[in-house]
Amino acid sequence: MLKNKKLVDFIKSLKFRLMVLFVVIAIIPCHILRVGITQSYESRAVSIRESEILSQAKILSNKIAKSDYISGKDNPDVESQISTLTTLYDGRVIVVDDNYKIIRDTYNLDERKTIISGQVVKTFAGDVMTNYDSRNHYIELTIPVIDVEDDNRNVQGVMLVSVSTDNIVLNKTYLSQIGLIIEMIVGILFAFVGVLVAMRIVRPMKKLVKGIESVGSGFEDKVEAVDNYTETVSICNEINKVLDKYKILDDSRQEFVSNVSHELKTPLTSMKVLADSITSMPDAPLEMYKEFMGDIAGEIERETKIINDLLSLVKMDKSEGSLNITTINMNELLEQILKRLQPIADKQNVEVVLESFRPVTAEVDEVKITLAITNLVENAIKYNGNEEGGWVHVSLNSDHQYFYLKVEDNGIGIPEESLEHIYERFYRVDKSHSREIGGTGLGLAITRNSILMHRGAIMVHSILNEGTTFDVRIPLNYIKA
Ligand SMILES: Nc1ncnc2c1ncn2[C@@H]1O[C@H](COP(=O)(O)OP(=O)(O)OP(=O)(O)O)[C@@H](O)[C@H]1O
Ligand SMILES: [Mg+2]
């Protein structure tokens, strides 16, 4: 059962919309066809009826002209033809003499009355007039009474014939009703097709949502491609890729938390052991107290460094707005950093050389860039381990766009498989060795973050037991996002 209410509503509304769309698409042409057919039937039937009546009326008018019917003489032949015309077409015939007086009306309503209408006057001029009154359903025809064999073609009178078109209208209504029934059947069929199409469209979506709903709250499960629609399978695959990324992120978050707790606990455990052992010895000499207290102070210092490093990282993870950009003389800054690290270098018997190719001033955050450079140089000194003459080369160069910093050493090097991990938080190549030296594995994470915040780049090149080179490139002018 589908639980997603929005999707259920969407499917319902899609079904309804497609149903309406299909009905409209089907009904409109059907309707136009129905109206067109009935109208063309009507006009065709009327024009056939008109020409029939006209030919009958012409024969009759000729007969009237030839006889003395207009002057009042009875003519059974003419009478019988008039009555045939009226009964056959359910019509009315009026004969008017040249004084505009009605001498014969088959309805017997207007005999002996005078009729002077525009139509009659025009007909006396020789014109034949026809008119179809679609509202009252009759055709009206006015023709002059002329003897066609008479050379003068005198108009002796006018004949008005009107016939009903009720049966034409009846047929038209019948046709229209049949058309309407077909229209309705087609409409229902298309509504059905619309629903089928909507169901076909939403079927992959339903399957997809089912698949997504089957995923639990964690990132462990995968969205199963329930059906073999190509689209749903590829969407499922994409969702699974995102889930995989989240899983990696979640794992690294958990690992980070456990690393942090472990790193913070280690100095505390050492302090506890030191404190416990000194208090368990009531007669311990003062020297021993001093030594233990010195060790405890060392552990406190280590704890403080870890916390400070973590704080720096957290600050850098925040938006770039936290950068405090000023214009800095990089040559001077490097000299200061190296001076500060000189005691460590002396202790390790490592020679540190600075080579400045040109004066460089750059727009940087002094504190963050100092953290980055200090760690690079400190690593080069710390992981030197070169008994006979260790050295660290630091060089500074620039072009019109960037300044370039190179930190090179002839130390222990980094194994190839570790190169891709060295920027990870808490990653150390040789855990035991690094611990001796006192690293927590946060330094390069801080360095990389700081460089990226300055829109720079860092690259490492290292050969085991030969040495390591870090290349840094940073824009001279700070580029805002
Ligand atoms: N120049 C180098 N030569 C050899 N190994 C290096 C060098 N720089 C870094 N590494 C290796 O990379 C690891 C990560 O370095 P990073 O600076 O992040 O941590 P750390 O120096 O151990 O601790 P921290 O800098 O937080 O005090 C180090 O533990 C070391 O194994
Ligand atoms: Mg370091």
Side-chain angles (χ1 to χ4, degrees), residues 252 255-256 259-267 298-317 334 337-338 340-341 343-345 347-354 367-387 389-395 405-453 458-472:
S252 87
E255 196 189 314
F256 177 67
N259 279 338
V260 169
S261 343
H262 176 78
E263 292 299 328
L264 292 178
K265 242 173 80 183
T266 318
E299 292 300 331
I300 291 173
E301 207 177 296
R302 185 170 156 72
E303 182 97 37
T304 313
K305 184 185 177 309
I306 296 172
I307 291 170
N308 285 340
D309 283 356
L310 280 172
L311 286 176
S312 312
L313 261 180
V314 171
K315 265 189 213 155
M316 284 186 204
D317 276 347
L334 266 179
I337 292 170
L338 297 194
R340 239 180 276 145
L341 290 170
I344 311 176
K347 214 166 133 193
Q348 303 261 328
N349 197 20
V350 173
E351 187 195 4
V352 182
V353 182
L354 171 65
V367 176
K368 292 192 173 77
I369 216 75
T370 305
L371 274 177
I373 299 171
T374 305
N375 181 58
L376 287 179
V377 181
E378 196 186 331
N379 282 354
I381 299 168
K382 278 198 306 189
Y383 304 107
N384 201 287
N386 209 314
E387 303 286 303
W391 52 255
V392 174
H393 269 162
V394 182
S395 72
L405 181 80
K406 193 194 279 272
V407 181
E408 205 178 348
D409 66 61
N410 65 339
I412 58 173
I414 303 167
E416 209 181 322
E417 65 274 14
S418 296
L419 282 175
E420 58 177 313
H421 300 294
I422 52 169
Y423 301 108
E424 290 168 14
R425 293 171 289 196
F426 295 112
Y427 183 83
R428 294 180 300 245
V429 175
D430 178 353
K431 316 265 182 258
S432 56
H433 186 234
S434 302
R435 175 57 50 78
E436 261 169 47
I437 302 172
T440 42
L442 288 172
L444 281 179
I446 295 171
T447 304
R448 184 170 171 273
N449 271 10
S450 159
I451 290 167
L452 292 185
M453 281 174 97
I458 179 165
M459 273 193 343
V460 60
H461 173 76
S462 183
I463 299 172
L464 205 57
N465 299 321
E466 281 192 22
T468 307
T469 307
F470 279 94
D471 281 298
V472 175

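Atoms within each ligand, like the ligands themselves, are counted from 1 in listed order. Below, each value reflects all heavy atoms present in this structure, side chains not excepted, and no hydrogens, waters or symmetry copies.
When heavy-atom distances to ligand 1 are checked against a 4.0 Å cut-off, Glu378 has no atom that comes that close, whether in backbone or side chain. Proximity of Thr468 to ligand 1, defined as any heavy-atom pair under 4.0 Å, is confined to the side chain (atoms from C-beta onward). When heavy-atom distances to ligand 1 are checked against a 4.0 Å cut-off, Tyr427 comes that close only through its backbone atoms N, CA, C and O. With a 4.0 Å heavy-atom cut-off, ligand 1 is reached by the side chain of Asp409 but not by its N, CA, C or O. The side chain of Ile414, and not its backbone, has at least one atom closer than 4.0 Å to an atom of ligand 1 (non-hydrogen atoms only; side chain from C-beta on). At a heavy-atom cutoff of 4.0 Å, ligand 1 is contacted by no atom of Asn384, backbone or side chain.
In this structure Lys265 satisfies the salt bridge (Lys or Arg N to Asp or Glu O under 4.0 Å) test with no other residue, sequence neighbours excluded. Partners of Arg448 under the salt bridge (Lys or Arg N to Asp or Glu O under 4.0 Å) rule, at least two apart in sequence or in another chain, do not exist in this structure. Partners of Glu408 under the salt bridge (Lys or Arg N to Asp or Glu O under 4.0 Å) rule, at least two apart in sequence or in another chain, do not exist in this structure.
One N or O on the side chain of Asn410 and one on the backbone of Trp391 form a donor-acceptor pair closer than 3.5 Å. Side-chain atoms of Thr374 come within 3.5 Å of backbone N or O of Thr370 as a donor-acceptor pair.
Excluding water, every protein N/O/S atom under 2.8 Å from the Mg ion (ligand 2) is given here by residue and atom: Asn375 OD1, Asn379 OD1.
Annotation for Leu444 and Asn375: closest pair N-ND2, 3.2 Å, computed over non-hydrogen atoms. Of all the heavy atoms in Gly467 and Ser462, the pair that sits closest is O-OG, 3.3 Å.
Annotation: His421, atom NE2; neighbour count of heavy atoms from other residues, nucleotides and ligands within 6.0 Å is above 12.
Of the polar atoms of Gly441, at least one N or O is found under 3.5 Å from an N or O of ligand 1, judged by distance alone.
Under a 4.0 Å heavy-atom criterion, Gly413 is in contact with ligand 1.
Numbered from 1 in the order shown, with element, the atoms of ligand 1 that lie under 4.0 Å from a heavy atom of Lys382 read 21 (O), 27 (O).
Using a 30° and 60° split on the angle between ring planes, Phe256 and Phe426 fall in the tilted class, from 30° to 60°.
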### Message
Between Val394 and Ile337, does the side chain to side chain contact (heavy atoms under 4.5 Å, CB included) criterion hold? Intermediate values first, please.
### Response
CA-CA 11 Å; Val394 182; Ile337 292 170; over 6 Å; no

